[in-house]
Amino acid sequence: QQQVKQSPQSLIVQKGGIPIINCAYENTAFDYFPWYQQFPGKGPALLIAIRPDVSEKKEGRFTISFNKSAKQFSLHIMDSQPGDSATYFCAARDPGSTLGRLYFGRGTQLTVWP
Amino acid sequence: DTGVSQNPRHKITKRGQNVTFRCDPISEHNRLYWYRQTLGQGPEFLTYFQNEAQLEKSRLLSDRFSAERPKGSFSTLEIQRTEQGDSAMYLCASSLSRNQPQHFGDGTRLSIL
């Protein structure tokens, strides 16, 4: 059972466009929602994260929008650049475990055309 | 750069052989995680160490898999009698505490012939 559902699977935008990646979850106990960026041959790198008591968080060109009632959150990339072409993963943390277990979505492969 | 380091980066082996991967976490991080990532999927949790103690294991970690973290520093993940289905990227992550971000290494890509 997929704890975090991510869409779309792939996304193609022109340079300067605003790609939006969506994630949904069921477990209302999740307490932390990070986004990771992964380039080919590299490990995931933390991009931005949000907690459920905040509806929006911005860091540079990256924004997370969080809708607690709908159990959905999304990543927006402003003024996208070819260098943003990568796979993006959303995740959610289970507060019930001592390890802070993360559940990942299946990823979105973003391509930004110049 | 003193990030998470994993070796080897790639491993090709024949089915039935044993393989061992190494992870060196960020030096002050006492929490260490192993994940598996297959094509088109996000990382899936395998096991977790706090210092030298292995505190949690996923159902994905069959009895052919064993992980250690002697002295709470580096960790090794061994797969015995490898199978085709073991082909994947094995990722290691570390964190300072439960509420701090997990930082990933670049993984070891395992290919089973």
Side-chain angles (χ1 to χ4, degrees), chain A residues 1-11 21-25 29-53 57 59 64 75 86-110, chain B residues 1 3-10 21 23-26 29-51 53-61 67 69 88-109:
Chain A
Q1 181 184 1
Q2 194 75 15
Q3 296 273 355
V4 179
K5 296 182 180 179
Q6 183 171 348
S7 64
Q9 188 173 347
S10 64
L11 190 54
I21 304 170
N22 301 298
C23 286
Y25 63 96
F30 286 151
D31 67 348
Y32 171 75
F33 301 86
W35 285 88
Y36 283 82
Q37 179 189 55
Q38 186 175 29
F39 292 103
K42 295 290 188 180
L46 180 66
L47 196 59
I48 186 173
I50 197 168
R51 298 186 190 278
D53 53 348
K57 184 173 181 181
E59 285 187 5
I64 301 178
L75 176 70
T87 301
Y88 293 81
F89 294 95
C90 61
R93 185 174 68 191
D94 178 1
S97 67
T98 56
L99 67 89
R101 179 169 177 169
L102 290 177
Y103 292 91
F104 285 83
R106 290 187 174 177
T108 296
Q109 189 168 353
L110 172 66
Chain B
D1 189 313
V4 178
S5 176
Q6 292 189 247
N7 288 288
R9 292 296 317 279
H10 299 94
F21 313 138
C23 170
D24 288 90
I26 294 171
H29 288 186
N30 62 359
R31 291 170 173 248
L32 187 147
Y33 311 80
W34 284 99
Y35 290 84
R36 183 178 73 182
Q37 185 178 22
T38 53
L39 199 62
Q41 300 290 327
E44 295 175 291
F45 169 76
L46 289 178
T47 190
Y48 157 70
F49 288 85
Q50 186 166 334
N51 298 310
Q54 187 175 16
L55 297 184
E56 191 161 333
K57 293 191 284 187
S58 161
R59 290 173 298 163
L60 293 175
L61 211 69
R69 193 182 181 196
M89 173 79 85
Y90 290 86
L91 293 163
C92 176
S94 69
S95 71
L96 191 57
S97 72
R98 180 192 176 282
N99 293 325
Q100 292 297 313
Q102 294 182 26
H103 297 270
F104 284 82
D106 287 338
T108 294
R109 179 165 295 285

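Below, all heavy atoms of this structure are taken into account, side chains as well, without hydrogens, waters or symmetry copies.
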K.L.:
Which pair of heavy atoms, one from Q41(B) and one from F89(A), lies closest together, and at what distance?
P.N.:
O-CE2, 3.6 Å

K.L.:
Please flag which part of P44(A) lies under 4.5 Å from any non-hydrogen atom of chain B: side chain, backbone, both or neither.
P.N.:
both

K.L.:
What's the separation between atom OH in Y35(B) and atom CG in L102(A), rounded to the nearest 0.5 Å?
P.N.:
4.5 Å

K.L.:
I'd like to know which of Q9(A), Q6(A), R93(A) tops the heavy-atom pair count under 4.5 Å against chain B.
P.N.:
R93(A)

K.L.:
Among the options G105(B), G42(B), P43(B), pick out the one with the most heavy-atom pairs lying under 4.5 Å from chain A.
P.N.:
P43(B)

K.L.:
Taking every heavy-atom pair that is under 4.5 Å apart, which of G41(A), P34(A), G107(A) has the most such pairs with chain B?
P.N.:
G41(A)

K.L.:
Name the option with the most non-hydrogen atom pairs under 4.5 Å to chain A; the candidates are H10(B), Q37(B), Q6(B), R9(B).
P.N.:
Q37(B)

K.L.:
Might you confirm whether atom CD of Q109(A) has over 12 heavy atoms from other residues, nucleotides or ligands at distances under 6.0 Å?
P.N.:
no

K.L.:
Would you mind telling me which of E44(B), M89(B), Q50(B), Q102(B) has the largest number of heavy-atom pairs within less than 4.5 Å of chain A?
P.N.:
Q102(B)

K.L.:
Can you see which heavy atom on D106(B) is nearest to which on G43(A), and at what distance?
P.N.:
OD1-N, 2.9 Å

K.L.:
Given a strict heavy-atom distance threshold of 4.5 Å, which part of F39(A) is in contact with chain B: side chain, backbone, both, or neither?
P.N.:
neither

K.L.:
Taking only heavy atoms into account, what residues of residues 91-100 of chain B are found under 4.5 Å from chain A?
P.N.:
L91(B), R98(B), N99(B)

